[in-house]
Amino acid sequence: MPAQKIETSHDDTIHDVAMDYYGKRLATASSDTTIKITGITNSASQQLAILHGHKGPVWKVAWAHPKFGSVLASCSYDGQVIIWKEGNTNDWVQAHVFNDHKSSVNSIAWAPHEIGLCLACGSSDGNISVFTARADGGWDTSRIEEAHPVGVTSVSWATSMAPVALLGFGLLNPVQKLASGGCDNTVKVWKLESGSWKIDCFPALQMHSDWVRDVAWAPNLGLLKSTIASASQDGTVVIWTCAKEGEKWEGKVLKDFKSPVWSVSWSLTGNLLSVADGSNNVTLWKESVDGEWQQVSAIEQ
C-alpha cells in the first residue's frame with residue numbers, strides 16, 4: 001500500500017494523530033492550539049473542520065466508540081480536557097470542558113465501550129482523573145490522587161473482557177483496569193474496586209531509568225495473560241506480562257533504541273507492537289512462539 005501524504009495546514013508541531021473507528025477521518029492535535037479533522041479517501045484528503053477551544057498546545061486527541069455518536073476528546077498544556085460532539089456533519093461543538101487539573105493534561109484514553117462513555121486523563125499535577133458520562137448528560141468523576149507525584153505522562157485501559165467471557169458466560173461485570181506511566185520512571189497498574197481506584201501492582205513496575213513516555217495495554221481477547229508495553233526517555237521499550245490475576249508482573253526489555261522512545265501502540269489483535277522513537281523510525285514487532293520479540297518491519301520517516 002503506497003504512502004499517502006496528508007496536508008493538515010497546522011501552523012506548528014503536530015503532537016498526535018488519531019484515526020476514527022472507520023478509518024475515514026483523521027484528527028490531529030497541534031501546538032497551534034487547534035484540532036483539525038481531515039477526511040481520508042484512497043487517493044485524496046480534505047479538511048473538514050477546525051476545532052478551537054484550547055489555550056495552549058494540544059497534546060492528544062481520542063475518538064470515542066461510534067456507539068456513542070461522533071465524539072472526540074482532547075487534552076492540552078492549558079490543563080483542560082474538552083469533549084467535542086458533532087451535530088450536523090462537520091459541525092462540532094464543545095459538549096463539556098473539564099478543568100479538574102491544575103497543570104498540563106498529557107494523556108487521555110477512552111475506556112473499552114462495554115464500560116460506557118468513560119475517559120481517563122493523566123496530568124503533570126500527578127493525578128489521574130476518570131470521567132464517566134451519565135444518562136442525564138452529566139459526568140461523574142473519580143480520581144487517583146498522586147498516581148505519579150512528579151507527573152503522569154500516559155494512561156491506557158485494559159481490555160474489559162474477563163477471561164470467562166469467551167467461554168459463554170458473558171460480561172457480567174466488566175473489569176476496569178488502567179496502566180499509567182510517569183516522570184518517576186515507573187509504570188503502575190490500577191483497578192477499580194467498590195467505586196474507588198486501588199493500585200494493583202506491588203511494588204510499582206520499575207525497569208526504566210528515565211521518564212516513561214507512553215504505556216499501552218495489549219488487547220488480550222479473553223486470554224488469562226495481561227501484557228503492557230512501556231516506552232521511555234531512556235531509549236528502551238519494556239514488555240510487562242502478568243500470567244493471571246493476582247500474580248506478579250514480569251518485565252523484559254524489547255530493545256534499547258539508543259534514543260528516546262515516544263510511543264508504543266498495539267494492533268487490534270494484540271500480536272503486533274509499533275514503536276516510534278526519537279530517530280524518526282517506526283518499527284513493528286511480533287512475539288515468536290518461543291517468547292522472543294522480533295522486528296518484522298520498519299518505516300523510516
Side-chain angles (χ1 to χ4, degrees), residues 8-10 14-40 46-125 127-144 152 154-157 160 174 176 178 192 195 197:
T8 65
S9 70
H10 278 293
I14 295 173
H15 297 290
D16 196 25
V17 177
M19 190 81 79
D20 76 354
Y21 184 83
Y22 300 108
K24 302 289 188 187
R25 293 184 294 180
L26 206 63
T28 49
S30 170
S31 275
D32 67 11
T33 76
T34 70
I35 297 142
K36 297 194 176 183
I37 312 292
T38 305
I40 307 293
Q46 176 189 7
Q47 188 170 105
L48 304 176
I50 304 175
L51 312 187
H52 297 275
H54 286 295
K55 302 174 186 68
V58 186
W59 302 132
K60 295 284 183 181
V61 283
W63 296 89
H65 191 279
K67 73 179 276 189
F68 303 109
S70 197
V71 177
L72 191 69
S74 61
C75 66
S76 167
Y77 180 79
D78 65 12
Q80 294 191 123
V81 175
I82 301 179
I83 308 294
W84 309 83
K85 282 192 177 180
E86 184 183 29
N88 298 324
T89 304
N90 300 325
D91 182 17
W92 291 82
V93 297
Q94 294 183 29
H96 204 91
V97 180
F98 297 105
N99 291 292
D100 296 52
H101 290 284
K102 302 296 181 280
S103 54
S104 176
V105 180
N106 304 316
S107 181
I108 48 175
W110 289 107
H113 64 85
E114 301 91 351
I115 290 170
L117 190 61
C118 180
L119 186 74
C121 313
S123 169
S124 290
D125 63 14
N127 303 324
I128 295 171
S129 53
V130 180
F131 304 117
T132 305
R134 298 194 306 262
D136 65 4
W139 294 78
D140 291 325
T141 304
S142 59
R143 291 170 73 82
I144 306 172
V152 184
S154 52
V155 288
S156 178
W157 288 87
S160 67
Q176 294 194 45
L178 279 171
L192 187 67
W197 290 92

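The structure presented is a predicted model; accordingly, all values stated were derived computationally and were not measured. Side-chain atoms are counted along with the backbone in the values below, which use heavy atoms only and exclude waters and symmetry mates.
Note on residues 88-108: no pairs pass salt bridge (charged side-chain N to carboxylate O under 4.0 Å, His left out), not counting sequence neighbours.
Judged as a side-chain contact (heavy atoms from CB on, under 4.5 Å), and not counting sequence neighbours, the contacts of Ser74 are Ile35, His54, Val58, Val61, Ile82, Trp84. Looking at residues two or more places apart in sequence or on another chain, you find a side-chain contact (heavy atoms from CB on, under 4.5 Å) between Ile40 and Gln4, Ile6, Leu26, Thr38, Ser45. Applying the salt bridge (charged side-chain N to carboxylate O under 4.0 Å, His left out) rule to Asp136 yields the partners Arg134; only residues at least two apart in sequence or on another chain are considered. Under the side-chain hydrogen bond (donor to acceptor under 3.5 Å, both in side chains) criterion, Thr8 pairs with no residue at all, not counting sequence neighbours. For Asp20, the salt bridge (charged side-chain N to carboxylate O under 4.0 Å, His left out) test picks out Arg25, with sequence neighbours left out.
Looking at heavy atoms from C-beta onward, Tyr22 lies in side-chain contact with Pro66 at the 4.5 angstrom threshold. Counting only heavy atoms from C-beta outward, the side chains of Lys55 and Ser76 never approach each other to under 4.5 Å. For the pair Phe131 and Ile83, the minimum side-chain heavy-atom distance is 4.5 Å or more. At a threshold of 4.5 Å between non-hydrogen side-chain atoms, the residues Ser107 and Cys75 do not count as touching. You'll find the side chain of Phe98 stays beyond 4.5 Å of the side chain of Ser129, heavy atoms only. Between Trp92 and Ser70, some side-chain heavy-atom pair lies under the 4.5 Å cut-off. The closest side-chain heavy-atom distance from Leu178 to Trp197 is below 4.5 Å.
For the residue pair Val97 and Gln80, the shortest heavy atom distance occurs at CG1-OE1, 3.3 Å. The heavy-atom pair separating Val105 from Cys121 by the smallest distance is CG1-CB, 4.0 Å. Here the closest non-hydrogen pair linking Gln47 and Ser9 is NE2-OG, 3.0 Å. Nearest heavy atom pair, residue Thr33 against residue Pro57, reads CG2-N, 4.4 Å. Closest heavy-atom contact between Leu119 and Ala73: CD2-CB, 3.8 Å. Scanning all heavy atoms of the two residues, the minimum distance from Cys118 to Thr132 falls at SG-OG1, 3.3 Å.
Taking CG of Leu48 as the start and CD of Glu86 as the end, the distance is 8.5 Å to the nearest 0.5 Å. Remark: Ser123 OG to Ile108 CD1 distance equals 12.5 Å, nearest 0.5 Å. The line from CH2 of Trp63 to CH2 of Trp110 is 12.0 Å long, rounded to the nearest 0.5 Å. A distance of 6.5 Å separates OG1 in Thr34 from CD1 in Ile50, rounded to the nearest 0.5 Å. Going from atom NZ of Lys60 over to atom OG of Ser154 covers 8.0 Å, rounded to the nearest 0.5 Å.
Under a cut-off of 6.0 angstrom, the local environment of NZ in Lys24 is sparse, with at most 12 non-hydrogen atoms contributed by other residues, nucleotides or ligands. The environment of CG in Asn99 is crowded: more than 12 heavy-atom neighbours from other residues, nucleotides or ligands sit within 6.0 Å.
Aromatic ring pairs are classed by plane angle as parallel below 30°, tilted from 30° to 60° and perpendicular above 60°; the pair Phe68 and His65 is perpendicular.
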Can you list the steps and then say if Ile37 with Leu72 is a side chain to side chain contact (heavy atoms under 4.5 Å, CB included)? CA-CA 10 Å; Ile37 312 292; Leu72 191 69; 3.8 Å; yes
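Between the side chains of Ser30 and Lys36, not a single donor N or O lies within less than 3.5 Å of an accepting N or O.
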